[in-house]
Amino acid sequence: MKYVDEFRDPQKAQALLQEIKKLGEKLERGNNNPLKLMEVCGGHTHSIFKYGLEELLPESIELIHGPGCPVCVMPRGRLDDAIALSQNPQVIFLTFGDAMRVPGSKNSLLQAKAQGADIRMVYSPLDSLQIAKENPEKEIIFFGLGFETTSPSTALTILQAEAENINNFSIFSNHVLVIPALEALLENPDLQLDGFIGPGHVSMVIGIQPYKFIAENYHKPMVISGFEPLDILQSIWMLLRQMVENRCEVENQYNRLVQTQGNTVAMNAINKVFEVRDDFEWRGLGDIPKSGLKIRPEYAKFDAEAKFILPNLKIADHKACQCGEILKGVLKPWECKVFGTACTPEMPIGSCMVSSEGACAAYYKYGRLSTVAKLSAKVMV
């Protein structure tokens with residue numbers, strides 16, 4: 001298949017792995033002190049496990065899974081707010097499918113739907129406008145989720161609603177920003193990282209410049225990566241090459257899609273409709289200043305938080321769930337005591353087991369149980 005198989009070529013993968021091994025040997029990092037590289041995006045995590053890349057890498061390189069899963073970082077209190085909105089009999093609540101099964105403090109959106117709430121899955125926020133036109137007697141609320149990747153489509157939907165004068169439509173905005181989250185991770189003394197595999201989809205929107213502080217202030221290299229196996233392996237090779245050459249830069253492996261300046265049309269839409277919140281709560285990371293987006297006052301009629309009364313409570317995570325530590329990269333999914341037993345995709349306790357970008361879901365879906373058993377044995381020794 002043209003333009004897909006080229007990025008999954010086994011011979012090229014082996015060549016890259018050999019070069020990665022050589023660079024690793026030059027850095028003289030052993031199994032007891034591996035290089036720790038964080039893949040920020042949950043999409044990378046799933047590719048890594050789908051294609052077994054972690055097992056192919058030398059043991060002197062350890063991949064750390066970051067907080068780049070928007071559904072996973074959703075705190076339980078905000079999910080409870082979404083469920084409360086959906087239970088209003090005058091509301092049709094719309095969401096992406098990933099959010100349906102994420103557990104709140106009492107139930108999930110899927111359970112609320114089973115109990116009678118009118119909750120529907122959509123593929124795009126623009127679908128909401130058609131539903132609003134078809135149901136003028138109802139209030140239509142879209143659950144706005146995601147990083148800078150999805151916030152442009154939400155912003156453009158609000159602008160379209162204004163242009164068409166659709167007033168029975170609003171957004172419950174839970175859009176978050178990747179840069180403040182990365183800064184919070186870098187300030188965490190429990191997490192020692194040597195470099196970053198940067199998020200490809202977010203970088204399509206924001207470009208490369210916003211990441212410069214990682215190299216300049218924290219002296220960590222970053223490579224923006226695509227999502228195919230060869231993309232990720234080449235990005236790891238580029239990171240190690242920087243270290244061997246004693247460089248610290250932000251490089252772009254995904255240059256077939258990511259431009260240095262990003263997508264100015266998308267950024268203009270975001271800046272027109274949204275403003276940055278003073279702070280926003282992230283699951284596992286707590287309140288992070290300037291890390292969330294809220295709808296500007298001039299578009300308040302499309303803001304569900306302005307139109308409806310919400311519980312707006314902070315709810316602690318389930319005591320057995322260690323999603324927070326996994327999102328921070330402090331723990332691996334298999335180190336959680338309920339992973340694969342009490343917590344499964346069918347009956348999740350935490351959000352990391354639900355989302356298609358969640359690290360726990362990746363470990364569970366793609367097996368690698370032999371690897372988990374081997375790692376568990378190491379811990380017990």
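Quantities reported herein were computed from a predicted structural model and do not represent experimental measurements.
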- Item | Test log, rule salt bridge (charged side-chain N to carboxylate O under 4.0 Å, His left out), inputs Lys272 and Glu298 | CA-CA 10 Å; Lys272 184 172 183 178; Glu298 50 265 44; over 6 Å; no
Practice problem: Take Glu164 and Lys133, measure what salt bridge (charged side-chain N to carboxylate O under 4.0 Å, His left out) needs, and give me the verdict at the end. | Solution: CA-CA 10 Å; Glu164 296 187 34; Lys133 292 175 187 176; 2.7 Å; yes
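Ring geometry for Phe302 versus Phe169: interplanar angle of 30 to 60°, hence tilted. Aromatic ring pairs are classed by plane angle as parallel below 30°, tilted from 30° to 60° and perpendicular above 60°; the pair Phe227 and His44 is parallel.
Note on Lys290 versus Glu275: no salt bridge recorded, every NZ/NE/NH1/NH2 to OD/OE distance being 4.0 Å or above. A salt bridge links Glu19 with Lys22: the distance from a Lys NZ or Arg NE/NH1/NH2 to an Asp or Glu carboxylate oxygen falls below 4.0 Å. Between Lys332 and Glu62, at least one side-chain nitrogen of the basic residue sits less than 4.0 Å from a carboxylate oxygen of the acidic one, meeting the salt-bridge criterion. A salt bridge links Asp118 and Arg120; the closest N-O separation between the charged side-chain nitrogens and carboxylate oxygens is under 4.0 Å. For the pair Lys294 and Asp278, the salt-bridge criterion is not met [side-chain N within less than 4.0 Å of a carboxylate O]. Between Arg8 and Asp231 no salt bridge is recorded (no basic side-chain N to carboxylate O distance below 4.0 Å). Ion pairing between Glu139 and Lys307 holds under the 4.0 Å rule for side-chain N and carboxylate O. Glu305 and Arg277 are joined by a salt bridge, as a carboxylate oxygen and a charged side-chain nitrogen come within less than 4.0 angstrom of each other.
Nearest heavy-atom pair across Glu162 and Tyr299 is OE1-CE2, 3.5 Å.
When the side chains of ILVMFWY residues are joined at heavy-atom separations under 4.5 Å, either directly or via intervening members, Val91 and Phe172 end up in a single hydrophobic cluster.
Residues Glu134 and Gln130 bring a donor and an acceptor atom of their side chains to less than 3.5 Å of each other.
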